[in-house]
Amino acid sequence: MMFFAATIAVLVSLGLALVRALLGPTLFDRVLAGNTIGTLAVLTLALIGFVTGRPEFLDIAILYTLLNLIGTIAVLRYFKLSEPVVPAAPEE
Amino acid sequence: MLYFASAVIITYFFWLVLSGHYTLLLMVIGAVSSLLVVMLASRMAVVDREGHPIDLVGRAIWFWPWLVWQIVKSGIDVSRIILSPSLPISPTLINVRATQKSAVGLVTYANSITLTPGTVSVEVEGDEITVHAITYAGAQDLAEGDMDRTVSRFEGGRRAQ
Amino acid sequence: MEQIIDIVSWVFLIAGGLFCVIGTVGMMRMPDMFTRLHAASIVDTLGMGFLIVGMVLQAGFTLVAAKLIIIAALILLTSPVATHALAQAALHAGLRPKLDHDETGGHIAGEDASSNS
C-alpha cells in the first residue's frame, strides 16, 4: 500500500518532467528533463519491484542508472561536436 | 598493484551482490571474470589512484555524512523557494577559489557543489570554479569557503592541515 | 519493532515522493534553464535518497537492500557529472543564464572575456 502511494507520487512527477521535455524552449531543457525522467524511471522500477514482490526489477534499475549517465553525456557530446543550436531549432 | 587488488575485490563484490547464487562454479566464474575485467582495465591505464583513491575511504566515513547533511539542509531551502508563491530567486554567477591540491580533491569539491541543491559548478579551470547559485545568499555562503575547507581536509588529511 | 520500522519507512517514502513532486514542480515554475538545474537536483538527491532509505528499511538486511544501496551510490556519483556536463555544454553553446547578481565581472573560468558572444 505504501509503495503504491510512493509509486503514484513518482509517476505524477514523471508526468510533469515529461511536460517540461515537451515544452522546453531550448535543447538543454529537454536533455535535463530526459535526465530527470531517467532518475524517476529508476525509482519507478525499484518501487514496482516492491509492489509486485519481484526484486528482479532492481537489476534492471541498476542497468538503467548507468545507461542514464551514458545517454546524457552522449547526447551532450553529439550536440557539442555539431553546430550549436540556441534557441532550439523550430519545429519542422 | 595495490590498486589492482582493490579493483578486483570491488568488482568481485559487485558480482556477488548482483548474482545472488552462491554455488562454487558461479563464484569461481565470477572471480575469473572480475580478474579479466580489471586486467583489461589496467591495459587502458585506468587502474590507478586517480580512478580509485582507496586511501580516502577512511576519511569518507566522516565526509559523506557531513555532505548528506549539507544536501538535506540546502535541499529543504530550495524546496521552500519552489513552494513559495512569489518564487524568491536571485540567480547569481560567482567565481570561487578551490584550495585542493590534487585532481581528485578538485573533482570532489566541484561534485559536492553540484550535488548540493541550489548551487551548480558550471566551469572548472585551474583553481577557479564558476558556480551558478539560485540565491545570492547561497552564493555568499559558498564564497565563505566552509565547504572548500572541509573538502581540503578530506583530501589532504594529516600533511595538508 | 516491526511497527516502528513500518511507520518510519512510511514517513521516508512519503517524503521521497513529495520531494520528487516538488522538484518537478520546480522544473515547471523556474524561469530559465540554469535555475531548472537546481530544481532537478532535488529529485536526484533528496527524492531519490528518501525513497531508497524507505525501501531499504522495508527490505531489511538482505541482498535487495545491498542492490538498493548500490543504486543510490551510482545515482549520487553520476548525477553531478551529468548536471555539470549539461551546465557546461549550455554555457559553451552560448546560452547565458538570467542573472540578478553577476559576481564574476564577466569572467568565466577557462574562458577569455573577449570570446563571450
Side-chain angles (χ1 to χ4, degrees), chain B residues 13-14 16-20 22 64 67-68 70-72 74-85 87 89-98 107-108 110-136 138-140 143, chain C residues 18-19 22-32 34-47 49-50 62-67 69-70 73 76-88 90-92 96-111:
Chain B
F13 175 76
F14 194 56
L16 288 180
V17 170
L18 286 187
S19 124
Y22 301 115
W64 284 344
L67 188 60
V68 167
Q70 298 295 313
I71 288 171
V72 171
S74 53
I76 289 171
D77 281 350
V78 176
S79 304
R80 200 172 292 144
I81 289 170
I82 290 172
L83 290 181
S84 62
L87 206 66
I89 57 170
S90 49
T92 306
L93 207 60
I94 191 170
N95 287 328
V96 296
R97 205 148 281 286
V107 170
T108 309
N111 269 8
S112 305
I113 290 173
T114 310
L115 204 53
T116 348
T119 47
V120 168
S121 58
V122 178
E123 183 69 87
V124 182
E125 176 76 21
D127 62 345
E128 208 173 33
I129 303 180
T130 302
V131 176
H132 184 275
I134 197 166
T135 59
Y136 187 64
Q140 291 304 314
Chain C
L18 213 63
F19 275 117
I22 288 172
T24 42
V25 166
M27 277 174 77
M28 298 303 294
R29 289 192 66 195
M30 291 295 179
D32 81 323
F34 285 88
T35 44
R36 280 178 205 132
L37 280 176
H38 302 298
S41 77
I42 287 186
V43 180
D44 278 355
T45 56
L46 282 188
F50 279 112
T62 54
L63 208 61
V64 173
K67 282 180 188 173
I69 290 169
I70 285 180
L76 284 180
L77 285 174
T78 56
S79 94
V81 177
T83 310
H84 171 74
L86 200 55
Q88 194 188 28
L91 201 74
H92 279 230
R96 292 293 159 201
K98 287 178 192 144
L99 294 176
D100 281 9
H101 305 271
D102 193 351
E103 302 274 298
T104 62
H107 170 71
I108 288 159
E111 216 177 56

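Worth saying up front: this structure is predicted, and the values here are computed from it rather than measured. Residue numbering restarts at 1 for every chain, and letters A, B, ... go by the order of the sequence lines.
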Separation between CZ (C:Arg29) and CG (B:Leu87), nearest 0.5 Å, reads 4.5 Å

Do you know the tightest heavy-atom contact between C:Ile42 and B:Gly75? CD1-O, 3.9 Å

At a heavy-atom separation under 4.5 Å, does C:Ile22 approach chain B through its side chain, its backbone, both, or neither? both

Quick check on B:Thr119 against chain C: is it the side chain, the backbone, both or neither that has a heavy atom closer than 4.5 Å? backbone

Region of C:Thr35 in contact with chain B, defined by heavy-atom distances below 4.5 Å: both

Shortest non-hydrogen contact between C:Ala87 and B:Val122, atoms and distance: O-CG1, 4.1 Å

At a heavy-atom separation under 4.5 Å, does B:Ala143 approach chain C through its side chain, its backbone, both, or neither? neither

Tell me, for C:Leu76 versus chain B, whether the close heavy atoms (under 4.5 Å) come from the side chain, the backbone, both or neither. both

If you tally heavy-atom pairs under 4.5 Å against chain C, which of B:Ile71, B:Thr114, B:Ile94, B:Ile82 wins? B:Ile82

To the nearest 0.5 Å, how far apart are CG in B:Leu16 and CG in C:Leu63? 9.0 Å

Considering all heavy atoms, the nearest C:Ser41-B:Gly118 contact: OG-N, 4.5 Å

Which atoms of C:Phe50 come close to chain B, meaning under 4.5 Å heavy atom to heavy atom: side chain ones, backbone ones, both, or neither? neither

With chain C as the partner, which of B:Leu18, B:Val68, B:Val120 has the greatest number of non-hydrogen pairs under 4.5 Å? B:Val120

Interface check, chain B: of C:Val25, C:Val81, C:Ile70, most non-hydrogen pairs under 4.5 Å belong to C:Ile70

Where does the angle between the aromatic ring planes of B:His132 and C:His38 fall among parallel (under 30°), tilted (30 to 60°) and perpendicular (over 60°)? parallel

Part of B:Ile76 within contact of chain C (heavy atom distance under 4.5 Å): both

